[in-house]
Each structure stands twice: as structure tokens, then as C-alpha cells.
2 protein chains.
Amino acid sequence: MNKSADIFVRTKVLRKYLKDNRLSEVQFAEMIGVAHSTVNRVLNGKRNPGSKFIAGVLKNFSDLNFEQIFSYNNELPKGKKEVS
Amino acid sequence: MNKSADIFVRTKVLRKYLKDNRLSEVQFAEMIGVAHSTVNRVLNGKRNPGSKFIAGVLKNFSDLNFEQIFSYNNELPKGKKEVS
DNA sequence: TTTGGTAATTACCTTATGGTAATAATTTAT
DNA sequence: ATAAATTATTACCATAAGGTAATTACCAAA
């Protein structure tokens with residue numbers, strides 16, 4: 001089936017952001033409201049960000065918008081037709 | 001622990017959008033690349049949208065932005081400090 | 001160099017999201 | 001009214017995200 005619809009993190013961008021703002025993974029994790037293990041795994045590509053991660057980032061970092069930090073495959077799912 | 005960090009769907013908004021565009025749950029599901037059961041459960045508040053759902057919407061409905069369809073609690077997680 | 005502290009990584013488990021497929025409800029033709 | 005589509009709902013299961021807590025790596029001070 002359609003295997004291409006997940007959200008990814010632009011790890012390089014996020015890593016740079018953390019560095020520039022002198023934030024450790026632990027600090028960042030606390031700020032966005034997830035465990036530091038979650039942040040670590042996402043940064044290392046072992047997990048994709050879930051809705052909790054995404055919400056935490058958008059909620060607490062108003063200087064970051066979705067497209068800056070996140071990405072997704074741009075393939076269309078099977079039956080997609082343009083709307084309206 | 002911090003139980004407040006998930007993403008919700010503005011079901012009324014989404015329902016109206018589907019109605020206005022004459023899209024059934026099945027059609028919408030196909031367009032965003034998830035099962036129709038997923039759409040149904042999200043619309044009925046029985047599930048929150050996961051990253052797949054969110055990605056599907058943002059990807060395929062460029063006329064919708066994140067804040068229009070989704071929301072999240074605006075409480076700050078425990079150790080949150082404003083950055084820079 | 002060892003002690004203490006911070007940061008990063010990972011094994012193990014829990015839980016929530018997503019798919020399948022069957023069922024129910026609703027609508028449209030005939 | 002009833003058969004045939006279409007649409008919506010849900011039980012059941014698979015899997016991926018998230019938490020806990022232990023372990024490892026790193027680094028500074030004495």
C-alpha cells in the first residue's frame with residue numbers, strides 16, 4: 001500500500017538550531033514535553049516524530065514553522081485528485 | 001506526567017471543508033493516504049491524528065494550513081523556559 | 001588520573017495510531 | 001418497497017512512537 005506518508009525531521013536543521021541556541025537534547029526534550037530518549041532517537045533517525053513531538057515543537061517554538069523543521073515525501077497517494 | 005501535548009483535529013472545520021468540497025470520508029482518506037476508518041475515527045474524536053494523517057493533509061491540501069485544521073493544548077510543559 | 005557531573009544512547013515495555021475487513025446505516029434506482 | 005450502491009462505524013490486530021531507567025561517553029575540576 002501507500003508507504004510514503006510519514007513526517008520526517010530535518011535533523012541537520014534541528015541540530016543546528018539546538019547548537020545555535022545552546023540547547024542540549026535533554027533541555028529541548030523538556031521544553032517540547034517529550035522524553036529525552038525520544039529526541040535522541042528522532043535526531044538519530046531511529047524514530048520519526050509523532051504528533052506529540054510535532055505539537056511540542058510548534059507549541060513552544062513559535063520562531064519555527066512546520067516546514068523549517070519537518071518534511072514529508074511529496075508523492076501523491078493512489079487515488080488523489082485535485083480538489084475544487 | 002505531562003499529558004497535554006497531543007495534536008487534535010478541528011472536527012467542525014474539517015467536516016465543513018469536506019462538505020463544501022463534496023468529499024466523502026472515503027475519498028478524503030484516499031487523498032491523504034490513510035484508511036477510511038482512520039478518518040472516521042478522527043472525525044468522531046475516537047483517535048487523534050497521527051503524523052501520517054497530518055502529513056497527508058498538509059501534503060495534499062495546500063489550501064489548508066496547519067492551524068486551520070489542527071490544534072494543540074497551549075500549556076507549557078514542565079521545565080519550559082523561553083529560548084533566547 | 002580519578003571524581004563528579006552533564007550529555008547521549010539503548011534495551012525493554014506500554015500505549016496509541018493505522019490497517020483490514022466485517023457490519024450497519026444511508027441513499028439512490030428500479 | 002426492495003435491491004444495489006455508497007457511506008459510516010467498529011472489533012480485532014500489527015506496528016510505530018513514547019516513557020523509564022540503566023548504561024555509556026564526554027568533559028571539567030581537583
Side-chain angles (χ1 to χ4, degrees), chain A residues 1-9 11-12 14-60 69-73 75 77-81 83, chain B residues 1-9 11-12 14-60 69-73 75 77-81 83:
Chain A
M1 235 251 100
N2 189 12
K3 197 71 203 60
S4 65
D6 267 282
I7 294 181
F8 305 93
V9 164
T11 54
K12 287 185 183 174
L14 181 52
R15 278 215 141 89
K16 176 165 171 23
Y17 183 88
L18 296 184
K19 198 179 179 191
D20 291 349
N21 290 279
R22 302 185 178 283
L23 289 173
S24 69
E25 295 181 4
V26 173
Q27 290 174 309
F28 183 68
E30 284 172 351
M31 292 171 76
I32 70 174
V34 301
H36 54 288
S37 55
T38 297
V39 170
N40 181 269
R41 287 179 295 217
V42 168
L43 278 175
N44 288 317
K46 304 191 175 173
R47 288 277 202 293
N48 290 326
S51 62
K52 202 164 188 180
F53 188 104
I54 298 166
V57 172
L58 298 179
K59 197 196 298 189
N60 298 292
I69 298 297
F70 302 104
S71 67
Y72 38 75
N73 301 330
E75 307 147 29
K78 49 176 182 178
K80 169 53 172 148
K81 297 178 199 64
V83 66
Chain B
M1 235 251 99
N2 188 11
K3 199 69 202 59
S4 65
D6 269 281
I7 294 181
F8 305 92
V9 163
T11 54
K12 287 185 185 176
L14 181 52
R15 279 215 141 90
K16 176 166 169 28
Y17 183 88
L18 296 184
K19 199 179 178 190
D20 291 349
N21 290 281
R22 302 187 179 282
L23 290 172
S24 68
E25 296 180 5
V26 174
Q27 290 174 310
F28 183 68
E30 283 171 352
M31 291 170 76
I32 69 174
V34 300
H36 55 288
S37 56
T38 297
V39 170
N40 180 271
R41 288 179 295 216
V42 168
L43 278 176
N44 289 317
K46 305 190 173 176
R47 288 276 203 293
N48 290 325
S51 62
K52 201 164 189 179
F53 188 103
I54 298 166
V57 172
L58 297 179
K59 196 196 297 186
N60 297 292
I69 298 297
F70 302 103
S71 66
Y72 38 75
N73 300 332
E75 308 146 31
K78 49 177 180 179
K80 170 49 169 149
K81 297 178 200 63
V83 65

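In what follows, chains are A, B, ... by sequence order, proteins preceding strands, each numbered from 1. Atom set for the values below is all heavy atoms of this structure, side chains included, hydrogens, waters and symmetry mates excluded. The model shown is predicted, which means the values in this text are computed figures rather than measured ones.
Heavy atoms only, all atoms of each residue included: A:T11 and A:L43 are closest at CG2-O, 3.5 Å. When all heavy atoms of A:S51 and B:P49 are compared, the closest pair comes out as CB-O, 3.6 Å.
Atom P of nucleotide C:dT17 and atom CD1 of B:I7 are separated by 11 Å, given to the nearest angstrom. The distance from atom CG of A:D6 to atom C1' of D:dT15 is 11 Å, rounded to the nearest whole Å. Going from atom CZ of B:F28 over to atom P of C:dG18 covers 12 Å, rounded to whole Å. A straight line from CD of A:E25 to C1' of D:dA25 spans 12 Å, rounded to a whole angstrom. Separating the CG atom of A:N40 from the P atom of D:dT24 is a distance of 16 Å, rounded to the nearest angstrom. Between A:Q27 atom CD and C:dT6 atom P the separation is 11 Å, expressed in whole Å. Per the geometry, CD belonging to A:E30 stands 10 Å off P belonging to C:dA7, to the nearest Å. Here the P atom of nucleotide C:dT17 and the CD1 atom of B:I54 are 10 Å apart, to the nearest Å.
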### Query
Would B:D6 and B:Y72 satisfy side-chain contact (heavy atoms from CB on, under 4.5 Å), going step by step from the backbone distance to the final call?
CA-CA 6 Å; B:D6 269 281; B:Y72 38 75; over 6 Å; no

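Residues satisfying the side-chain contact (heavy atoms from CB on, under 4.5 Å) test with B:R47, not counting sequence neighbours, are B:R41, B:V42.
Between B:V34 and B:V39, some side-chain heavy-atom pair lies under the 4.5 Å cut-off. Side chains of A:K59 and A:M31 form no contact here, defined as non-hydrogen atoms less than 4.5 Å apart.
Of the candidates C:dA22, D:dT7, C:dT9, the closest approach to any side-chain atom of B:S24 belongs to D:dT7.
Distance check, rounded to the nearest 0.5 Å: CG of B:N60 to CZ of B:F28 gives 9.0 Å. Separating the CG atom in B:D20 from the CZ atom in B:R22 is a distance of 9.0 Å, to the nearest 0.5 Å.
Using a 4.0 Å cut-off on heavy atoms, the residues of residues 41-50 of chain A that approach DNA chain C are A:R41, A:N44, A:K46, listed by number.
An end-to-end axis angle of 30° holds for the helix from C:dT1-D:dA30 to C:dT30-D:dA1, taken from five base pairs per end and rounded to 10°.
On a pure distance criterion of 3.5 Å, a polar donor-acceptor pair joins the side chain of B:S37 and the base of C:dT20.
Put simply, the side chain of B:N44 gets close to the backbone of B:N40: a donor and an acceptor are under 3.5 Å apart.
Taking 4.0 angstrom as the limit, B:K52 places none of its side-chain polar atoms (N or O) nearer than this to OP1 or OP2 of D:dA17.
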